[in-house]
Amino acid sequence: MSIQIGDKPGNGFDNPLGLLSDCHRRIERFLGNLQQVADQAEGGALTDDQRHTLEISLRYFRKAVPRHTQDEEASLFPRMRRIVNDEIKSALNQIQALEADHQRAAELHAVVDKIGSRWLEKGGISAEEVVRMKVALGELEGLYSNHIALEDHEVFPLAGRELPADQIEAIGREMAKRRGLSYEDPLRCRTRREGKDGNAA
Ligand SMILES: [Fe+2]
Ligand SMILES: [Fe+2]
């Protein structure tokens with residue numbers, strides 16, 4: 001199995017919108033890794049590689065995705081809501097839909113995490129659990145594909161055009177603080193242990 005875990009350095013906290021898009025690439029990659037493990041092992045015994053992939057991917061979604069959601073819901077979207085112009089006004093409905101997606105994604109991740117954790121603990125899961133895990137992963141794939149496209153191609157570029165530089169900087173500073181890192185941290189949104197535990201943005 002060829003599973004991609006490592007990461008190229010991306011944007012820094014001084015480009016928070018670029019950093020958020022970098023994090024989308026990680027979401028896509030870790031989701032693909034989970035689907036690969038589920039398809040290949042089908043609930044049975046895991047190889048060392050599959051076990052490692054399952055562990056770090058579950059941990060990524062457990063730890064990093066809630067921070068990414070906070071970056072958007074607590075740092076980015078409220079600043080966009082405070083800007084009054086027609087373009088932002090028409091984007092607000094989309095932002096509301098994005099927040100609903102976050103909620104649904106959290107529910108689906110909880111299903112995957114519960115089944116995946118049991119798989120790691122017991123060494124195997126039932127056929128019914130494999131189906132439930134795959135269904136949840138499939139729904140996540142569909143949800144993220146629309147959600148990420150909307151954020152990467154519409155919401156983030158709009159924010160980049162409309163938010164003043166000091167507000168963009170404030171978002172980056174909040175993102176760094178959320179991760180216990182400095183704004184100037186050369187490791188950017190990654191942590192020293194990202195390669196081991198997917199504990200990234
Ligand atoms: Fe989002
Ligand atoms: Fe996002």
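Numbering of ligands and ligand atoms starts at 1, following listing order. From a predicted model like this one, the values you see are computed outputs, not experimental measurements.
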Handout entry: Test: Arg104 and Glu107 ion pair at under 4.0 Å
Key = yes
Exercise for the section: Output yes when Lys122 and Glu129 qualify as a salt bridge under the 4.0 Å nitrogen-oxygen rule, no when they do not. Expected result: no
Exercise for the section: Could you tell me which non-hydrogen atom of Leu31 sits nearest to which non-hydrogen atom of Phe61, and how far apart they are? Expected result: N-CZ, 3.5 Å
Fill in the blank from the handout: Protein-side N, O or S atoms sitting under 2.8 Å from the Fe ion (ligand 2) are His24 NE2, His68 NE2, Glu72 OE2, Glu151 OE1
Exercise for the section: For the residue pair His68 and Glu72, confirm or rule out a side-chain donor-acceptor distance under 3.5 Å. Expected result: yes
Exercise for the section: Check whether the side chains of Asn33 and Thr53 place a donor and an acceptor atom closer than 3.5 Å, and report yes or no. Expected result: no
Problem - Ser21 backbone acceptor or donor facing Asp152 side chain under 3.5 Å - result: no
